[in-house]
Amino acid sequence: MSTSSNDCPLSEILSLLGGLAEYPKAGFCDLVARAKPLITGEAQLQFDEFASTITQLSPDAREELYTGTFDVTPACVPYVSIHLFGEENFKRGEFMAALNAQYAAIDFSPNGDLPDHFANLLRYAAAVDAAERQELVHFCLLGPLAKMARGLHQENPYHALLEVILTTLAAAYPGLQAPLSPLEQMQQHGTACAAVSSGCGCGSHLVSEALPPQLSRSEPALT
């Protein structure tokens, strides 16, 4: 599905939501105003909650809130590769390198942040075709965004924004569920599998399954 419930292209909505998920800069309230009429259905109430709170803050207070939310709260770290692989897994670097290659192919700019920031992935999903967008949503966004939302108090305006994004994606892709990430699969197998041993049922093939096909590569089993 490529449109929202009011027939606005999903790409336009994701681009605006990606902008709102970035560090708040000049023009932030203009982004809120542009996005507001495009968000409909269940997500509309969530967006109104976000907008009414965030726009009442001063620019300095918005910046402080953003930093406290995404740079200080471990459960809400904005870099999806940490949620997919764990912070210390070297696969994070390979994932980001693959993202950078995809970005370069279409002259997409990550706006000075790491390529796996969820704001960049939302904006990138808005820039690609429908098939690639769905793969990004499925493998790279649904699981990390849900984990981030669970890590925030409901009183935090960015909790409402994450819920807006998740609700928008659920409406666009009914029934689509996030697969277990490689990190979650390793955790299910216990600490004995923390190094992704080739003798375990999980291994490098699960890492590949966690990536959209255009980002994954065939690799030997890790030891």
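As the structure is a prediction and not an experimental result, all values here were calculated from the model.
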Correct closest heavy-atom pair for Phe47 and Val164 would be N-CG2, 3.3 Å

Sorted by chain and residue number, the side chain to side chain donor-acceptor pair (under 3.5 Å) partners of Arg92 (sequence neighbours excluded) come out as Ser81

Does the side-chain contact (heavy atoms from CB on, under 4.5 Å) test come out yes or no for Thr167 and Ile39, once each step is laid out?
CA-CA 10 Å; Thr167 301; Ile39 308 297; over 6 Å; no

Correct closest heavy-atom pair for Phe28 and Pro24 would be CD1-CB, 3.7 Å

Separation between CZ (Phe139) and CG (Leu84), nearest 0.5 Å, reads 11.0 Å

So CG of Asn89 and CD of Glu87: to nearest 0.5 Å the spacing works out to 11.0 Å

Distance col, row Leu141:CG vs Leu14:CG, nearest 0.5 angstrom, shows 8.5 Å

Here the gap from Asp129 atom CG to Ser11 atom OG, rounded to the nearest 0.5 Å, amounts to 11.5 Å

Taking every heavy atom of Leu142 against every heavy atom of Ala178, the minimum-distance pair comes out as CB-CB, 3.7 Å

Shortest non-hydrogen pair, Glu132 vs Gln102, comes out as OE2-OE1, 3.9 Å

Do the side chain of Asn111 and the main chain of Asn120 share a donor and acceptor less than 3.5 angstrom apart? no

When rounded to the nearest 0.5 Å, the distance separating CG of Leu169 from CG of Leu136 is 11.0 Å

What one should report as the nearest heavy-atom pair of Ala172 and Leu10 is CB-CD2, 3.6 Å

For Ala35 and Leu16 the tightest heavy-atom approach is CA-CD1, 3.9 Å

dist Thr53:OG1 -> His159:NE2 (nearest 0.5 Å) comes out at 13.0 Å

Taking the side chain as every heavy atom from C-beta outward, state whether Phe118 and Pro144 have any atom pair closer than 4.5 Å.
no

Q. Hey, is the main chain of Leu45 close enough, under 3.5 Å, to the side chain of Glu49 for a donor-acceptor pair?
A. no

Atom pairs and distances, side-chain donor-acceptor, residues 62-80, under 3.5 Å, sequence neighbours left out:
from, atom 1, to, atom 2, distance (Å)
Arg62, NH1, Ile54, O, 3.2
Arg62, NH1, Leu57, O, 2.8
Glu63, OE1, Tyr23, OH, 3.3
Tyr66, OH, Ala21, O, 2.7
Tyr66, OH, His117, NE2, 3.1
Thr67, OG1, Glu63, O, 3.1
Thr69, OG1, Leu65, O, 2.7
Thr69, OG1, Asn156, ND2, 2.9
Thr73, OG1, Gly68, O, 3.0
Thr73, OG1, Thr69, O, 3.1
Tyr79, OH, Asp113, OD1, 3.0

Can Tyr124 and Ile106 be said to form a side-chain contact (heavy atoms from CB on, under 4.5 Å), step by step?
CA-CA 10 Å; Tyr124 178 63; Ile106 65 168; 3.4 Å; yes

TODO: For the pair Tyr158 and Phe50, evaluate side-chain contact (heavy atoms from CB on, under 4.5 Å) and give the outcome as yes or no after the intermediate values.
DONE: CA-CA 7 Å; Tyr158 282 105; Phe50 167 73; 4.1 Å; yes

